[in-house]
Amino acid sequence: MRDYEGDKKMGINTVPVVYGLNKTLDITYKMTKYSIVFNSIWLMSLFDFYSGVLFMIILTPLLHYLKAIHISNYSKESIRKASGATNIPL
């Protein structure tokens, strides 16, 4: 999504170019949400309840950044901010 305009201009068929920004963000949001939930459950079954909850707490801000991108109408600044902030949990 960060290079949507450049990909579209150059005729590169990336997911955002083919399906549009709204659909791409919707797919990304849902995949991220389900990944967080299912991996949290997996960690709870593998280790303990607190490991799963901690994983969920650390990664939930990713969903906030995806929503912020949508609310700001996919502004380059919001995408840049989200891209930089998603490395914080690492």
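These values consider heavy atoms only, across backbone and side chains, with no hydrogens, waters or symmetry-generated copies.
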#### Entry: Test side chain to side chain contact (heavy atoms under 4.5 Å, CB included) applied to Leu66 and Thr28, step by step
CA-CA 8 Å; Leu66 290 173; Thr28 304; 4.0 Å; yes
[atom1] of [X] to [atom2] of [Y]: how many Å apart, nearest 0.5 Å?
X: Thr14; Y: Tyr19; atom1: OG1; atom2: OH; value: 11.0 Å
X: Lys8; Y: Leu21; atom1: NZ; atom2: CG; value: 8.5 Å
X: Tyr29; Y: His70; atom1: OH; atom2: NE2; value: 11.0 Å

### Query
In chain order, what residues pass the side chain to side chain donor-acceptor pair (under 3.5 Å) check against Ser40, with sequence neighbours excluded?
none
### Query
Taking the side chain from Asp26 and the backbone from Asn22, do they hold a donor-acceptor pair closer than 3.5 Å?
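Judged by distance alone, no pair lies under 3.5 Å.
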Report all side-chain donor-acceptor pairs from residues 46-56 shorter than 3.5 Å, counting only partners two or more places apart or in another chain.
{"residue": "Asp48", "atom": "OD1", "partner": "Ser51", "partner atom": "N", "Å": "3.0"}
{"residue": "Asp48", "atom": "OD1", "partner": "Ser51", "partner atom": "OG", "Å": "2.6"}

### Task
Would you name the heavy atoms of Gly20 and Thr24 that are closest together and state the gap between them?
O-OG1, 2.7 Å
If hydrophobic clusters are built from ILVMFWY residues whose side chains come within less than 4.5 Å, do [X] and [Y] share one?
X: Ile41; Y: Leu43; value: no
X: Ile36; Y: Met44; value: no
X: Leu25; Y: Val17; value: yes
X: Ile58; Y: Leu63; value: yes
X: Val18; Y: Ile27; value: no

### Query
Ser35 and Thr32: side-chain donor and acceptor closer than 3.5 Å?
no
